[in-house]
Amino acid sequence: MKNIEFFLIILTTLIIFSQEQPYPVVLMHGIGANASTMNKVVEWIHELVGPDVYVKNVEIGNGYWDSMFNKMFDMVTDFCNQLKEDQELSKYPKINLIGYSQGSLITRGYVEYCNDPPVHNFITWSGPHEGVFGIPYVDWNWLDKLLREDCYIEEVQNSITFAQYWKDTLNYDVYLNKSIFLPYLNNEEKTKDPKIKQKIQSLNSFTLLMSTVDEVVNPKESAWFAFYDDKRENIIPYNQTLAYKEDWLGLRYLDENNRLNFYKTDCRHQDYPTDKCKDVFIEYTLPRLLN
Ligand SMILES: *[C@@H]1O[C@H](CO)[C@@H](O)[C@H](O)[C@H]1NC(C)=O
Ligand SMILES: *[C@@H]1O[C@H](CO)[C@@H](O)[C@H](O)[C@H]1NC(C)=O
Ligand SMILES: *[C@@H]1O[C@H](CO)[C@@H](O)[C@H](O)[C@H]1NC(C)=O
(Lines give C-alpha, C1' and ligand atoms only; values in the text may rest on other atoms or scores of the structure.)
(Ligands and ions follow the chains in the order given, each with its own letter.)
Protein backbone atom coordinates (compact mmCIF):
# COMPACT_ATOMS: atom_id res chain seq x y z
CA MET A 1 0.00 0.00 0.00
CA LYS A 2 2.77 2.42 0.97
CA ASN A 3 4.44 1.67 -2.34
CA ILE A 4 1.37 2.61 -4.28
CA GLU A 5 1.04 5.91 -2.42
CA PHE A 6 4.66 6.67 -3.10
CA PHE A 7 4.20 5.83 -6.76
CA LEU A 8 1.16 8.11 -7.01
CA ILE A 9 3.04 11.02 -5.47
CA ILE A 10 5.87 10.58 -7.94
CA LEU A 11 3.43 10.33 -10.83
CA THR A 12 1.52 13.46 -9.82
CA THR A 13 4.76 15.36 -9.40
CA LEU A 14 5.87 14.27 -12.85
CA ILE A 15 2.60 15.37 -14.42
CA ILE A 16 2.68 18.76 -12.74
CA PHE A 17 6.32 19.21 -13.66
CA SER A 18 5.77 18.24 -17.29
CA GLN A 19 2.81 20.60 -17.59
CA GLU A 20 4.69 23.54 -16.18
CA GLN A 21 7.74 23.08 -18.32
CA PRO A 22 7.22 24.88 -21.64
CA TYR A 23 8.71 23.12 -24.63
CA PRO A 24 11.70 24.64 -26.40
CA VAL A 25 10.85 26.85 -29.36
CA VAL A 26 12.55 26.54 -32.74
CA LEU A 27 12.48 29.41 -35.26
CA MET A 28 13.18 29.52 -38.98
CA HIS A 29 13.51 32.85 -40.78
CA GLY A 30 12.47 33.77 -44.33
CA ILE A 31 14.04 34.51 -47.71
CA GLY A 32 16.62 37.23 -48.27
CA ALA A 33 17.30 37.39 -44.56
CA ASN A 34 19.35 35.77 -41.84
CA ALA A 35 18.57 34.48 -38.38
CA SER A 36 19.20 37.88 -36.82
CA THR A 37 15.81 39.00 -38.23
CA MET A 38 14.25 36.71 -35.61
CA ASN A 39 16.18 38.14 -32.64
CA LYS A 40 13.16 40.10 -31.42
CA VAL A 41 11.10 36.92 -31.33
CA VAL A 42 13.73 35.26 -29.14
CA GLU A 43 13.46 38.25 -26.78
CA TRP A 44 9.64 38.11 -26.71
CA ILE A 45 9.69 34.41 -25.85
CA HIS A 46 12.10 34.99 -22.95
CA GLU A 47 10.00 37.88 -21.76
CA LEU A 48 6.56 36.28 -22.14
CA VAL A 49 7.01 32.51 -21.89
CA GLY A 50 9.94 32.38 -19.50
CA PRO A 51 13.57 33.46 -19.23
CA ASP A 52 14.76 29.85 -19.18
CA VAL A 53 12.91 28.58 -22.23
CA TYR A 54 15.36 27.19 -24.72
CA VAL A 55 14.98 28.98 -28.07
CA LYS A 56 16.83 27.79 -31.13
CA ASN A 57 16.98 30.39 -33.88
CA VAL A 58 18.10 28.29 -36.84
CA GLU A 59 20.48 29.50 -39.53
CA ILE A 60 21.13 27.61 -42.74
CA GLY A 61 24.49 28.21 -44.35
CA ASN A 62 25.37 31.89 -44.45
CA GLY A 63 21.74 33.02 -44.09
CA TYR A 64 21.06 35.78 -46.60
CA TRP A 65 22.40 34.35 -49.89
CA ASP A 66 21.80 30.74 -48.97
CA SER A 67 18.14 31.56 -48.32
CA MET A 68 17.73 32.51 -51.99
CA PHE A 69 20.18 30.32 -53.88
CA ASN A 70 19.75 26.83 -52.63
CA LYS A 71 17.74 23.65 -52.97
CA MET A 72 14.75 23.67 -50.67
CA PHE A 73 15.08 19.98 -49.85
CA ASP A 74 18.75 20.47 -48.95
CA MET A 75 17.64 23.16 -46.51
CA VAL A 76 15.07 20.80 -45.01
CA THR A 77 17.79 18.18 -44.54
CA ASP A 78 20.12 20.73 -42.96
CA PHE A 79 17.33 21.85 -40.62
CA CYS A 80 16.58 18.23 -39.66
CA ASN A 81 20.23 17.55 -38.88
CA GLN A 82 20.64 20.67 -36.78
CA LEU A 83 17.65 19.76 -34.62
CA LYS A 84 18.54 16.10 -34.28
CA GLU A 85 22.09 16.92 -33.20
CA ASP A 86 21.07 19.56 -30.66
CA GLN A 87 21.90 18.26 -27.17
CA GLU A 88 19.62 20.71 -25.41
CA LEU A 89 16.57 19.85 -27.54
CA SER A 90 17.09 16.16 -26.89
CA LYS A 91 16.28 16.75 -23.20
CA TYR A 92 12.64 17.45 -24.07
CA PRO A 93 9.94 15.13 -25.42
CA LYS A 94 8.64 17.73 -27.87
CA ILE A 95 9.24 21.17 -29.34
CA ASN A 96 7.11 24.05 -30.58
CA LEU A 97 7.98 25.29 -34.05
CA ILE A 98 7.59 28.66 -35.79
CA GLY A 99 8.21 29.13 -39.52
CA TYR A 100 8.24 32.58 -41.06
CA SER A 101 7.56 33.10 -44.78
CA GLN A 102 9.80 30.70 -46.76
CA GLY A 103 10.79 29.28 -43.37
CA SER A 104 7.23 27.92 -43.19
CA LEU A 105 8.04 25.50 -46.00
CA ILE A 106 11.37 24.42 -44.52
CA THR A 107 9.75 23.79 -41.14
CA ARG A 108 6.82 21.94 -42.72
CA GLY A 109 9.37 19.80 -44.56
CA TYR A 110 10.91 19.08 -41.15
CA VAL A 111 7.55 17.92 -39.78
CA GLU A 112 6.74 15.81 -42.83
CA TYR A 113 10.08 14.09 -43.36
CA CYS A 114 11.85 14.17 -39.98
CA ASN A 115 9.88 15.38 -36.94
CA ASP A 116 12.65 14.23 -34.62
CA PRO A 117 12.29 15.66 -32.00
CA PRO A 118 8.53 15.75 -32.62
CA VAL A 119 6.61 19.00 -32.96
CA HIS A 120 3.79 19.80 -30.53
CA ASN A 121 2.39 23.09 -31.85
CA PHE A 122 3.35 24.30 -35.32
CA ILE A 123 2.83 27.95 -36.24
CA THR A 124 3.51 29.60 -39.60
CA TRP A 125 3.56 33.31 -40.42
CA SER A 126 2.54 34.17 -43.97
CA GLY A 127 3.96 30.95 -45.35
CA PRO A 128 3.60 30.32 -49.10
CA HIS A 129 2.15 26.87 -48.40
CA GLU A 130 0.49 26.46 -51.79
CA GLY A 131 3.33 28.21 -53.52
CA VAL A 132 3.47 31.57 -55.30
CA PHE A 133 2.31 32.53 -58.78
CA GLY A 134 3.24 36.13 -59.36
CA ILE A 135 5.90 38.48 -58.17
CA PRO A 136 5.68 40.57 -55.01
CA TYR A 137 4.03 44.00 -54.93
CA VAL A 138 6.19 45.65 -57.62
CA ASP A 139 4.47 46.01 -60.95
CA TRP A 140 7.22 44.52 -63.09
CA ASN A 141 5.52 42.66 -65.85
CA TRP A 142 8.79 41.74 -67.49
CA LEU A 143 9.90 39.90 -64.36
CA ASP A 144 6.59 38.13 -64.06
CA LYS A 145 6.90 37.06 -67.70
CA LEU A 146 10.48 35.92 -67.23
CA LEU A 147 9.61 33.82 -64.23
CA ARG A 148 6.65 32.28 -65.96
CA GLU A 149 8.87 31.26 -68.83
CA ASP A 150 11.95 30.21 -66.93
CA CYS A 151 11.02 28.94 -63.47
CA TYR A 152 10.84 25.32 -64.52
CA ILE A 153 14.18 25.18 -66.34
CA GLU A 154 16.29 22.60 -64.56
CA GLU A 155 19.16 24.96 -63.71
CA VAL A 156 16.73 27.48 -62.24
CA GLN A 157 14.97 24.81 -60.20
CA ASN A 158 18.30 23.59 -58.85
CA SER A 159 19.51 26.98 -57.77
CA ILE A 160 16.75 29.45 -56.87
CA THR A 161 14.62 28.70 -53.83
CA PHE A 162 11.38 30.46 -54.78
CA ALA A 163 11.36 28.85 -58.24
CA GLN A 164 10.88 25.58 -56.37
CA TYR A 165 7.57 26.80 -54.96
CA TRP A 166 6.44 28.71 -58.05
CA LYS A 167 3.13 27.14 -58.99
CA ASP A 168 1.91 27.91 -62.51
CA THR A 169 -1.76 26.93 -62.42
CA LEU A 170 -2.09 27.70 -66.14
CA ASN A 171 0.43 24.94 -66.78
CA TYR A 172 -0.16 22.69 -63.83
CA ASP A 173 1.21 19.56 -65.54
CA VAL A 174 4.50 21.29 -66.22
CA TYR A 175 4.68 22.32 -62.57
CA LEU A 176 4.00 18.76 -61.45
CA ASN A 177 6.64 17.41 -63.81
CA LYS A 178 9.33 19.99 -63.31
CA SER A 179 9.14 21.47 -59.83
CA ILE A 180 11.62 19.68 -57.61
CA PHE A 181 10.08 20.69 -54.29
CA LEU A 182 6.50 21.83 -53.71
CA PRO A 183 4.60 18.99 -55.45
CA TYR A 184 6.38 16.60 -53.07
CA LEU A 185 5.98 18.72 -49.97
CA ASN A 186 2.25 19.02 -50.71
CA ASN A 187 1.84 15.37 -51.68
CA GLU A 188 0.48 16.43 -55.07
CA GLU A 189 2.29 13.82 -57.12
CA LYS A 190 0.19 10.87 -58.35
CA THR A 191 1.73 8.49 -55.86
CA LYS A 192 0.94 9.77 -52.37
CA ASP A 193 3.36 9.34 -49.51
CA PRO A 194 1.28 8.16 -46.52
CA LYS A 195 4.05 9.07 -44.05
CA ILE A 196 3.65 12.77 -44.79
CA LYS A 197 0.00 12.67 -43.79
CA GLN A 198 0.75 10.70 -40.62
CA LYS A 199 3.34 13.24 -39.53
CA ILE A 200 1.02 16.22 -40.04
CA GLN A 201 -1.77 14.39 -38.24
CA SER A 202 0.50 13.88 -35.25
CA LEU A 203 0.63 17.65 -34.57
CA ASN A 204 -1.19 18.88 -31.51
CA SER A 205 -2.12 21.98 -33.49
CA PHE A 206 -1.22 23.75 -36.73
CA THR A 207 -1.75 27.52 -36.74
CA LEU A 208 -1.74 29.47 -40.00
CA LEU A 209 -1.37 33.24 -39.94
CA MET A 210 -2.27 35.14 -43.09
CA SER A 211 -1.66 38.84 -43.48
CA THR A 212 -4.52 40.78 -45.06
CA VAL A 213 -1.96 43.32 -46.26
CA ASP A 214 0.67 40.89 -47.52
CA GLU A 215 2.60 42.39 -50.42
CA VAL A 216 5.11 39.60 -50.75
CA VAL A 217 3.35 36.26 -50.97
CA ASN A 218 1.26 36.18 -54.15
CA PRO A 219 -1.48 35.24 -53.56
CA LYS A 220 -1.52 36.03 -49.84
CA GLU A 221 -4.13 33.28 -49.31
CA SER A 222 -1.38 30.74 -49.95
CA ALA A 223 -0.67 31.23 -46.23
CA TRP A 224 -3.98 29.41 -45.66
CA PHE A 225 -3.30 26.74 -48.30
CA ALA A 226 -5.64 28.53 -50.73
CA PHE A 227 -4.51 29.29 -54.27
CA TYR A 228 -5.35 30.60 -57.74
CA ASP A 229 -7.66 28.63 -59.99
CA ASP A 230 -6.52 27.38 -63.40
CA LYS A 231 -7.12 30.81 -64.95
CA ARG A 232 -5.18 32.72 -62.28
CA GLU A 233 -8.33 34.73 -61.56
CA ASN A 234 -10.05 33.50 -58.42
CA ILE A 235 -8.77 32.02 -55.20
CA ILE A 236 -10.00 28.56 -54.28
CA PRO A 237 -10.32 28.01 -50.51
CA TYR A 238 -8.39 25.02 -49.30
CA ASN A 239 -11.42 23.11 -48.12
CA GLN A 240 -12.79 23.13 -51.67
CA THR A 241 -9.79 21.40 -53.19
CA LEU A 242 -9.23 17.75 -54.00
CA ALA A 243 -6.17 17.89 -51.75
CA TYR A 244 -8.48 18.63 -48.83
CA LYS A 245 -11.25 16.22 -49.81
CA GLU A 246 -8.82 13.35 -50.25
CA ASP A 247 -6.71 14.66 -47.38
CA TRP A 248 -3.30 14.34 -49.03
CA LEU A 249 -1.63 16.20 -46.16
CA GLY A 250 -3.71 15.36 -43.11
CA LEU A 251 -5.02 18.92 -42.85
CA ARG A 252 -8.63 17.84 -43.15
CA TYR A 253 -8.07 15.47 -40.26
CA LEU A 254 -6.63 18.30 -38.15
CA ASP A 255 -9.49 20.59 -39.22
CA GLU A 256 -12.17 18.07 -38.25
CA ASN A 257 -10.51 17.68 -34.87
CA ASN A 258 -10.30 21.44 -34.27
CA ARG A 259 -6.53 21.38 -34.41
CA LEU A 260 -6.14 23.57 -37.50
CA ASN A 261 -6.31 27.28 -36.72
CA PHE A 262 -6.71 30.00 -39.35
CA TYR A 263 -6.03 33.60 -38.33
CA LYS A 264 -5.99 36.84 -40.28
CA THR A 265 -3.59 39.53 -39.17
CA ASP A 266 -3.05 43.15 -40.17
CA CYS A 267 0.69 42.71 -39.90
CA ARG A 268 2.66 43.43 -43.07
CA HIS A 269 4.66 40.46 -44.33
CA GLN A 270 8.02 41.96 -43.49
CA ASP A 271 6.93 43.16 -40.04
CA TYR A 272 6.11 39.89 -38.23
CA PRO A 273 9.32 39.73 -36.16
CA THR A 274 9.32 43.45 -35.34
CA ASP A 275 7.76 45.49 -32.54
CA LYS A 276 5.03 46.65 -34.96
CA CYS A 277 3.57 43.16 -34.77
CA LYS A 278 4.30 42.22 -31.18
CA ASP A 279 0.56 42.36 -30.43
CA VAL A 280 -0.07 39.89 -33.25
CA PHE A 281 2.55 37.60 -31.72
CA ILE A 282 0.89 37.89 -28.31
CA GLU A 283 -2.59 37.21 -29.66
CA TYR A 284 -2.00 34.28 -32.00
CA THR A 285 1.41 32.73 -31.38
CA LEU A 286 2.07 33.10 -27.66
CA PRO A 287 -0.87 30.91 -26.53
CA ARG A 288 0.59 28.02 -28.56
CA LEU A 289 3.94 28.32 -26.81
CA LEU A 290 2.42 27.80 -23.38
CA ASN A 291 1.64 24.17 -24.45
C1 LIG B 1 22.42 39.43 -40.81
O2 LIG B 1 21.69 40.50 -41.34
C3 LIG B 1 21.95 41.72 -40.66
C4 LIG B 1 20.96 42.76 -41.17
O5 LIG B 1 20.77 42.66 -42.55
C6 LIG B 1 23.38 42.11 -40.85
O7 LIG B 1 23.66 43.33 -40.21
C8 LIG B 1 24.27 41.01 -40.27
O9 LIG B 1 25.60 41.27 -40.53
C10 LIG B 1 23.91 39.65 -40.87
N11 LIG B 1 24.62 38.64 -40.14
C12 LIG B 1 25.32 37.69 -40.72
C13 LIG B 1 25.96 36.71 -39.82
O14 LIG B 1 25.41 37.60 -41.93
C1 LIG C 1 4.86 15.11 -67.80
O2 LIG C 1 5.56 13.90 -67.71
C3 LIG C 1 4.86 12.80 -68.26
C4 LIG C 1 5.61 11.54 -67.95
O5 LIG C 1 6.98 11.71 -68.15
C6 LIG C 1 4.67 13.04 -69.76
O7 LIG C 1 3.94 11.98 -70.32
C8 LIG C 1 3.91 14.33 -69.96
O9 LIG C 1 3.82 14.64 -71.34
C10 LIG C 1 4.59 15.48 -69.24
N11 LIG C 1 3.74 16.64 -69.33
C12 LIG C 1 4.21 17.86 -69.54
C13 LIG C 1 3.19 18.93 -69.67
O14 LIG C 1 5.39 18.11 -69.59
C1 LIG D 1 -14.60 25.98 -45.65
O2 LIG D 1 -14.11 26.87 -44.69
C3 LIG D 1 -14.89 28.02 -44.53
C4 LIG D 1 -14.15 28.99 -43.64
O5 LIG D 1 -13.66 28.36 -42.50
C6 LIG D 1 -16.22 27.59 -43.95
O7 LIG D 1 -17.06 28.70 -43.77
C8 LIG D 1 -16.89 26.61 -44.92
O9 LIG D 1 -18.05 26.10 -44.36
C10 LIG D 1 -15.95 25.47 -45.23
N11 LIG D 1 -16.51 24.69 -46.31
C12 LIG D 1 -16.56 23.37 -46.29
C13 LIG D 1 -17.10 22.72 -47.52
O14 LIG D 1 -16.19 22.74 -45.32
| So do the side chains of N186 and W248 get within less than 4.5 Å of each other, counting heavy atoms only? | no

| Heavy-atom pair of closest approach, residues L249 and L185 | CD2-O, 3.5 Å

| query | Are V111 and Y92 connected, step by step, through hydrophobic side chains (Ile, Leu, Val, Met, Phe, Trp, Tyr) whose heavy atoms are closer than 4.5 Å? | reply | no

| task | Anything under 30° is parallel, anything over 60° is perpendicular, the rest tilted; go ahead and classify Y172 against Y175. | result | tilted

| said: Side chains of N121 and N204 only: does a donor on one sit below 3.5 Å from an acceptor on the other? | reply: yes

| Can you tell if the side chain of K40 reaches within under 4.5 Å of the side chain of W44, non-hydrogen atoms only? | yes

| remark: Value for CG (L105) from CD (E112), rounded to nearest 0.5 Å, stands at 9.5 Å

| I236 and L176: same hydrophobic cluster, using ILVMFWY side-chain contacts below 4.5 Å? | no

| How close do Y272 and M210 get, heavy atom to heavy atom, and via which atoms? | OH-C, 3.8 Å

| request: Could you tell me whether the side chain of V119 reaches within less than 4.5 Å of the side chain of L203, counting heavy atoms only? | output: yes

| said: Closer than 3.5 angstrom, by distance alone: can the side chain of Q157 be matched with the main-chain N or O of A163 as a donor-acceptor pair? | reply: yes

| task | Could you pull out the closest heavy-atom pair between N70 and T161, with the gap in Å? | result | O-CG2, 3.6 Å

| request: Assess whether atom NZ of K264 is packed by more than 12 heavy atoms of other residues, nucleotides or ligands within 6.0 Å. | output: no

| Is the backbone N or O of D266 less than 3.5 Å from a side-chain atom of S211, with the two atoms forming a donor-acceptor pair by type? | no

| message | Walk me through whether Q164 and M75 qualify under side-chain contact (heavy atoms from CB on, under 4.5 Å). | response | CA-CA 12 Å; Q164 296 159 53; M75 293 204 277; over 6 Å; no

| Backbone N/O of G127 and side chain of S101: donor-acceptor pair under 3.5 Å | no

| query | Are the side chains of D168 and V174 in touch, meaning some heavy atoms are under 4.5 Å apart? | reply | no

| remark: What one should report as the nearest heavy-atom pair of Y228 and F133 is CE1-O, 3.4 Å

| Separation between CD of E256 and CG of N239, rounded to the nearest 0.5 Å | 10.5 Å

| About how many Å separate CE of M28 and CD of Q102, when rounded to the nearest 0.5 Å? | 7.5 Å

| request: For N171 and Y152, test the side chains for any donor-to-acceptor distance below 3.5 angstrom and give the result as yes or no. | output: no

| said: Measuring only between side-chain heavy atoms, which start at C-beta, is D229 closer than 4.5 Å to T169? | reply: no

| message | Donor-acceptor check, side chain of H46 to backbone of V53, threshold 3.5 angstrom: yes or no? | response | yes

| query | Got a donor-acceptor contact below 3.5 angstrom from the N257 side chain to the Y253 backbone? | reply | yes

| query | Looking at F122, F227, F225, Y238, which hits ring pair (Phe, Tyr, Trp, His ring centres under 6.0 Å) with H129? | reply | F225

| remark: Rounding to 0.5 Å, atoms CG (D150) and NZ (K145) come to a distance of 9.5 Å

| query | Taking side chain as C-beta onward, heavy atoms only, is S126 less than 4.5 Å from Y100? | reply | no

| message | Strictly distance-based, threshold 3.5 Å: is any side-chain N or O of D255 a donor or acceptor partner for the main-chain N or O of R259? | response | no

| task | Return the orientation label for the W224 and F262 ring planes: parallel under 30°, perpendicular over 60°, tilted otherwise. | result | perpendicular

| said: Could you walk me through whether C114 and K84 satisfy the side-chain contact (heavy atoms from CB on, under 4.5 Å) test, starting with their C-alpha distance in whole Å, then the side-chain angles of each, then the deciding distance to 0.1 Å, before giving a yes or no? | reply: CA-CA 9 Å; C114 305; K84 198 171 167 51; over 6 Å; no

| query | Are any of the side-chain heavy atoms of T241 and E130 separated by less than 4.5 Å? | reply | no

| Does D247 reach the side chain of Q201, with side-chain heavy atoms less than 4.5 Å apart? | yes

| Parallel, tilted or perpendicular, as decided by the 30° and 60° cut-offs, for the rings of W125 and F281 | perpendicular

| message | Testing Y110, Y165, F181 one by one against F73 for a ring pair (Phe, Tyr, Trp, His ring centres under 6.0 Å), which residue passes? | response | F181

| A33 and T37: which non-hydrogen atoms are nearest, and at how many Å? | CB-CG2, 3.8 Å

| remark: The reported gap from CG in N39 to OG1 in T274 (rounded to nearest 0.5 angstrom) is 13.0 Å

| field | Evaluation steps, side-chain contact (heavy atoms from CB on, under 4.5 Å), between R288 and N96 | value | CA-CA 8 Å; R288 307 287 160 190; N96 290 320; over 6 Å; no

| remark: For S104 and T124 the tightest heavy-atom approach is OG-CB, 3.5 Å

| message | Check for me, please, whether V216 and V213 land in the same ILVMFWY cluster - side-chain distances under 4.5 Å, paths through other members count. | response | no

| message | So, applying salt bridge (Lys or Arg N to Asp or Glu O under 4.0 Å) with K278, which one of E43, E47, E283 is it? | response | E47

| request: Using side chain to side chain contact (heavy atoms under 4.5 Å, CB included) as the criterion, point out the one residue from I180, I106, L182, I160 that pairs with M72. | output: I106

| field | Spatial distance of atom CD (E221) from atom OG1 (T212) [nearest 0.5 Å] | value | 10.5 Å

| query | With distance as the sole test, does N34 use its side chain to make a donor-acceptor pair with the main-chain N or O of E59 at under 3.5 Å? | reply | no

| said: Would S205 and N261 count as a side-chain contact (heavy atoms from CB on, under 4.5 Å) here? Give the steps. | reply: CA-CA 7 Å; S205 73; N261 312 300; 4.0 Å; yes

